[in-house]
Amino acid sequence: MPTKARKSAEVKAAEKIIKLMDKADKKPKYAGAYINDKGKQVIGCMFMVVRLNESLPVAQAEQRATFLDRAFDINKGEEQTILEIPLIADLKDYIKAKKEQNSEKYKGRNKEPISYDFGITESNVILPLVNAEYLLIMLEVLGNDSQVTWSHSKEPYYNKGYIFFKSSKGDGILCPVRRSDI
């Protein structure tokens with residue numbers, strides 16, 4: 001993929017995070033990017049945050065949301081499980097298929113989020129469930145070369161924790177969705 005097209009996809013994904021902070025979180029003064037003390041660009045909302053090594057040309061926040069940058073200092077859980085992430089194209093196809101299968105449920109003003117389930121490990125650890133569209137945003141910003149780990153408790157049925165991304169472009173955190181099946 002040409003650099004200009006890839007950059008454009010990254011910028012669009014970053015702008016979606018900014019829009020979430022502005023609209024969903026109702027925190028317009030924090031909506032936008034800022035440069036932290038270590039020279040990294042921070043973009044986030046209450047569901048996800050990314051720290052980028054190289055800045056993207058996106059709107060700047062009125063006020064620095066330093067609480068987002070501090071999220072990277074949270075104490076990781078007792079266990080770290082490596083998650084296998086889908087390719088961006090496959091995830092887009094998955095989201096599109098879900099919307100086509102049940103358009104009333106996943107489209108419109110009162111739409112439900114489309115979930116992506118990481119499944120169950122061989123040792124019966126139930127992996128996290130995430131908003132598929134948020135996962136796509138993270139992958140579009142950080143790239144498919146991301147190493148993704150889930151920080152959680154030792155108990156195999158306990159699915160709380162955070163999902164950490166690390167790539168050549170920077171790092172990020174995505175919050176999972178609460179599972180109703182456990």
> Do you know the tightest heavy-atom contact between Leu142 and Ser167?
Replying inline: O-OG, 2.9 Å
> Quick check, are the ring centers of Tyr134 and Tyr116 under 6.0 angstrom apart?
Replying inline: no
>> As a test of understanding, state which of Val42, Ile43, Ile35 forms a side chain to side chain contact (heavy atoms under 4.5 Å, CB included) with Leu52.
In response: Ile43
> With a cut-off of 6.0 Å (strictly less than), are more than 12 heavy atoms of other residues, nucleotides or ligands near CD of Gln147?
Replying inline: no
> Taking the side chain from Asn144 and the backbone from Ile88, do they hold a donor-acceptor pair closer than 3.5 Å?
Replying inline: yes
> Can you find a side-chain donor-acceptor pair between Asn131 and Ser115 that sits under 3.5 Å?
Replying inline: no
>> Around atom CD1 of Ile82, are there more than 12 heavy atoms from other residues, nucleotides or ligands closer than 6.0 Å?
In response: no
>> Quick test of your reading of the model: are Lys92 and Glu140 salt-bridged, counting only N-O distances below 4.0 Å?
In response: yes
> Atom CD1 of Ile17 and atom CE of Met138: how far apart are they, to the nearest 0.5 Å?
Replying inline: 6.5 Å
>> With a 4.5 Å cut-off on side-chain heavy atoms, are Ser151 and Phe164 touching?
In response: yes
>> Less than 3.5 Å apart, any donor N or O on the side chain of Asn53 or Lys169 sitting next to an acceptor on the other?
In response: no
> With a distance cut-off below 6.0 Å to the six-membered ring centre and an angular limit of 45° from the axis, does Arg51 pair with Phe72 as a cation-pi contact?
Replying inline: yes
>> Does this structure show an ion pair linking Asp93 with Lys98, if we count only N-O contacts that are shorter than 4.0 Å?
In response: no
>> For Arg178 versus Leu129, what's the shortest heavy-atom pair and its separation?
In response: O-CD2, 4.4 Å
> What pair of heavy atoms forms the shortest contact from Asp37 to Arg64, and how long is it?
Replying inline: OD1-NH2, 3.5 Å
> Minimum heavy-atom separation for Pro176 to Val130, with atom names?
Replying inline: CA-CG1, 4.1 Å
